Amino acid sequence: MAGKSDKVINENLEINKDEKDKIEEFINVRALVNIKYDKEVYKIGDEFTIRKENSQDMLEKEYVELAGE
């Protein structure tokens, strides 16, 4: 019986770890230009969240800046 409960606990820990990884894959930015991102339109100065994988390209092209700067 202990083996089954340990398995459930381990599965829950894995799910929580995956959710944490997903949360950390996003960053908050501020639009420097009017931009459409993930079907949403943002105006200059709007703050929104983007995926980390898109952030470097958008920062280099100066479409956004990190929020709080």
Side-chain angles (χ1 to χ4, degrees):
M1 286 292 197
K4 286 184 180 181
S5 64
D6 289 341
K7 182 178 178 182
V8 171
I9 292 170
N10 287 336
E11 286 176 0
N12 287 338
L13 290 173
E14 285 299 317
I15 291 169
N16 290 337
K17 182 182 177 203
D18 291 341
E19 289 173 359
K20 182 180 175 189
D21 290 343
K22 288 179 185 176
I23 291 169
E24 292 176 355
E25 292 178 6
F26 293 89
I27 60 170
N28 293 324
V29 295
R30 182 178 305 108
L32 297 176
V33 297
N34 294 330
I35 189 169
K36 184 174 183 179
Y37 182 77
D38 281 348
K39 300 180 184 178
E40 297 290 329
V41 177
Y42 301 97
K43 295 182 180 182
I44 296 171
D46 288 349
E47 291 189 12
F48 59 103
T49 303
I50 62 173
R51 289 178 299 281
K52 263 189 181 174
E53 61 197 37
N54 301 127
S55 65
Q56 185 172 356
D57 189 41
M58 294 176 75
L59 288 164
E60 286 175 0
K61 292 181 179 180
E62 297 184 359
Y63 295 159
V64 297
E65 66 183 2
L66 296 176
E69 287 188 357

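The analysis underlying the following values was restricted to heavy atoms, covering all of them including side chains, and did not include hydrogens, waters or symmetry mates. Numbers here simply count residues along the sequence, with the first being 1. Given the structure is predicted, the values throughout are model-derived calculations rather than measurements.
Between E25 and K52 no salt bridge is recorded (no basic side-chain N to carboxylate O distance below 4.0 Å).
For K39 against K36, the heavy-atom pair with the smallest separation is CA-CE, 3.9 Å. Shown here for G45 and R30, the closest heavy-atom pair between the two residues is O-CG, 3.6 Å.
In terms of the side chain to side chain donor-acceptor pair (under 3.5 Å) criterion, residue partners of N54 (sequence neighbours excluded) are, by chain and number, Y37, R51.
Judged by distance alone, with hydrogens and angles left aside, the side-chain atoms of N34 form a donor-acceptor pair with the main-chain N or O of I44 at under 3.5 Å.
Here the CD1 atom belonging to I50 is positioned 5.0 Å from the OG atom belonging to S55, to the nearest 0.5 angstrom.
For residues 43-64, the set of pairs meeting the ring-ring contact (aromatic ring centres under 6.0 Å, His included) definition, not counting sequence neighbours, comprises Y42-F48.
Looking only at side-chain heavy atoms (C-beta outward), L59 and V64 come within less than 4.5 Å of each other. Between V29 and T49, every side-chain heavy-atom pair lies at or beyond the 4.5 Å cut-off. Side chains of I35 and M58 form a contact here, defined as non-hydrogen atoms less than 4.5 Å apart.
E62 CD: 12 or fewer foreign heavy atoms inside a 6.0 Å radius.
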